[in-house]
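Please find one structure pasted underneath; my questions will follow.
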Amino acid sequence: MKFFIDTADIAEIRDLAATGLVDGVTTNPSLIAKSGRKFLDVVAEICAVVPGPVSAEVAATDFDTMLREGRRLAAIATNVAVKVPLTVDGLKTCKALSDDGVAVNVTLCFSAAQALLAAKAGAAYVSPFVGRLDDIGQNGMDLIADIVGIYDQYPALRTEVLVASVRHPGHVVEAARLGAHVATIPPAVLRQLYNHPLTDKGLAAFLDDWARTGQSILGA
Ligand code: G3P
């Protein structure tokens, strides 16, 4: 499963990209606003740091303007994936951009029916928001299971399930269990994935015992 980082914070992206574990980045208007940066500039900077797909979302809601904005975003760098909302104008924009060879990430997906349409529109990615479904008492991962099950019926389908609105490590692990292609993970959650108190405790014990040997691997 691919790990994308869900942020527009360039310092976080640089820090986590250095681990070698980051396959891409997703942004959205809220994350861009939070960054305090000029949209086109920060997208260009992110694309230079992370060679994988970098999602940049249109702001318009009508097809004509979405298409023009999408083409402007796609021109920033070859690894830009244009993000459009799962609306009828978003789907029309997805079809037009995909037909032109532009990678599109169809976002704000909350049902299997919507995910079917994203695939028909030629999306490279569909982003079901699992955390926001959990917020209203549903089980967001059930939607992932549903979409993966449907897409698996059509091996020629190229749309990848990109699990979004990830709130904790359980979402990431369950996404992998279900066979999702990508999870886009907030930096804090990615760090939770590798932190475990028993690892820390075990390593401390190993280092204490090693120190008592008085040996050095690199020394004489
Ligand atoms: O990629 C979508 C993600 O940023 C939304 O997350 O926590 O606002 O539902 P959240």
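For the single chain, residues carry numbers from 1 onward in sequence order.
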- prompt: Tell me, do Arg158 and Ser98 make a side-chain contact under 4.5 Å, heavy atoms counted?
  reply: yes
(message) Between Met141 and Ile136, is there shared hydrophobic-cluster membership here, with clusters defined by ILVMFWY side-chain heavy atoms closer than 4.5 Å?
(response) yes
- Would you check, one step at a time, whether the test side-chain contact (heavy atoms from CB on, under 4.5 Å) holds for Val173 with Arg177? CA-CA 6 Å; Val173 172; Arg177 280 201 190 100; 3.7 Å; yes
Exactly one of His171, His168, Arg167 clears side-chain hydrogen bond (donor to acceptor under 3.5 Å, both in side chains) with Asp134, and that residue is His171
Q. Hey, are Thr107 and Ser127 close enough side-chain-wise for a donor-acceptor pair under 3.5 Å?
A. no
Residue pairs meeting ring-ring contact (aromatic ring centres under 6.0 Å, His included), one or both in residues 110-151, sequence neighbours left out, come to Phe4-Tyr125, Phe110-Phe129
* **Common cluster, Val182/Val25, ILVMFWY with side-chain heavy-atom separation under 4.5 Å** => no
Given side chains that start at C-beta, do those of Val106 and Gln114 come closer than 4.5 Å, heavy atoms only? no
In short, Val58 meets Pro85 closest at the heavy-atom pair CG2-CD, 4.2 Å
Rounded to the nearest 0.5 angstrom, the CZ-CG distance for Arg68 and Leu73 is 12.5 Å
Q: Indicate if Ile147 and Val166 have the same hydrophobic cluster label, given that clusters are the connected sets of ILVMFWY residues with side-chain heavy-atom separations under 4.5 angstrom.
A: yes
All heavy atoms of Ala115 vs all of Leu86, minimum pair found to be N-CD1, 4.4 Å
Val161 with Tyr154, same ILVMFWY side-chain cluster at under 4.5 Å: yes
When rounded to the nearest 0.5 Å, the distance separating OG1 of Thr26 from CG of Asn28 is 7.0 Å
Worksheet item: Side chains of Leu97 and Thr93: does their closest heavy-atom pair fall under 4.5 Å?
Response: yes
Shortest non-hydrogen pair, Ala60 vs Met66, comes out as O-CG, 3.4 Å
| query | Are Val54 and Ile76 connected in the hydrophobic side-chain network, where two residues link if heavy atoms are under 4.5 Å apart? | reply | yes
Between Thr27 and the options Asp9, Ile13, Asp6, Ile46, the side-chain contact (heavy atoms from CB on, under 4.5 Å) test singles out Ile46
Of all heavy-atom pairs linking Thr159 and Ala119, the shortest is OG1-CA, 3.3 Å
Would you confirm whether Asn105, through its side chain, and Ala81, through its main-chain N or O, come within 3.5 Å as a donor-acceptor pair? no
For Ala8 and Ile32, the nearest pair of non-hydrogen atoms, with its separation, is CB-CD1, 3.7 Å
- Task: Would you mind checking if Arg14 and Glu45 are paired as a salt bridge, meaning a charged N to carboxylate O distance below 4.0 Å?
- Result: yes
* **Test log, rule side-chain contact (heavy atoms from CB on, under 4.5 Å), inputs Leu193 and Ile185** => CA-CA 10 Å; Leu193 287 174; Ile185 310 167; 4.2 Å; yes
When every non-hydrogen atom of Cys94 is compared with those of Gly122, the smallest separation belongs to SG-C, 4.2 Å
To the nearest 0.5 Å, atom CD1 of Ile10 lies from atom CG of Asp15 at 11.5 Å
To the nearest 0.5 Å, atom OG1 of Thr213 lies from atom CG of Asp209 at 9.0 Å
When rounded to the nearest 0.5 Å, the distance separating NZ of Lys2 from CG of Asp23 is 7.5 Å
Practice problem: Check whether any side-chain heavy atom of Leu143 lies under 4.5 Å from a side-chain heavy atom of Val130, and answer yes or no. | Solution: no
So ring-ring contact (aromatic ring centres under 6.0 Å, His included) across residues 63-104, not counting sequence neighbours, yields none
Exercise. Could you walk me through whether Arg72 and Leu40 pass side-chain contact (heavy atoms from CB on, under 4.5 Å), step by step?
Key: CA-CA 9 Å; Arg72 176 86 184 274; Leu40 303 186; 3.3 Å; yes
Step by step, work out the salt bridge (charged side-chain N to carboxylate O under 4.0 Å, His left out) result for Glu69 and Lys83. CA-CA 10 Å; Glu69 288 183 347; Lys83 231 182 188 184; over 6 Å; no
TODO: Test Phe3 against Met1 for side-chain contact (heavy atoms from CB on, under 4.5 Å), laying out the working first.
DONE: CA-CA 7 Å; Phe3 281 17; Met1 186 171 78; 3.7 Å; yes
ask   = Between Asp146 and Asp142, is there a donor-acceptor pair closer than 3.5 Å when you use the side chain of the first and the backbone of the second?
value = no
* Val43 side chain near Asp41 side chain, heavy-atom distance below 4.5 Å -> no
To the nearest 0.5 Å, atom CG of Leu67 lies from atom NZ of Lys95 at 12.5 Å
Is atom CZ of Phe206 surrounded by more than 12 heavy atoms (other residues, nucleotides or ligands) closer than 6.0 Å? no
Item to complete: Decide yes or no for Ile144 and Pro128: does some side-chain heavy atom of the first lie under 4.5 Å from some side-chain heavy atom of the second?
Response: yes
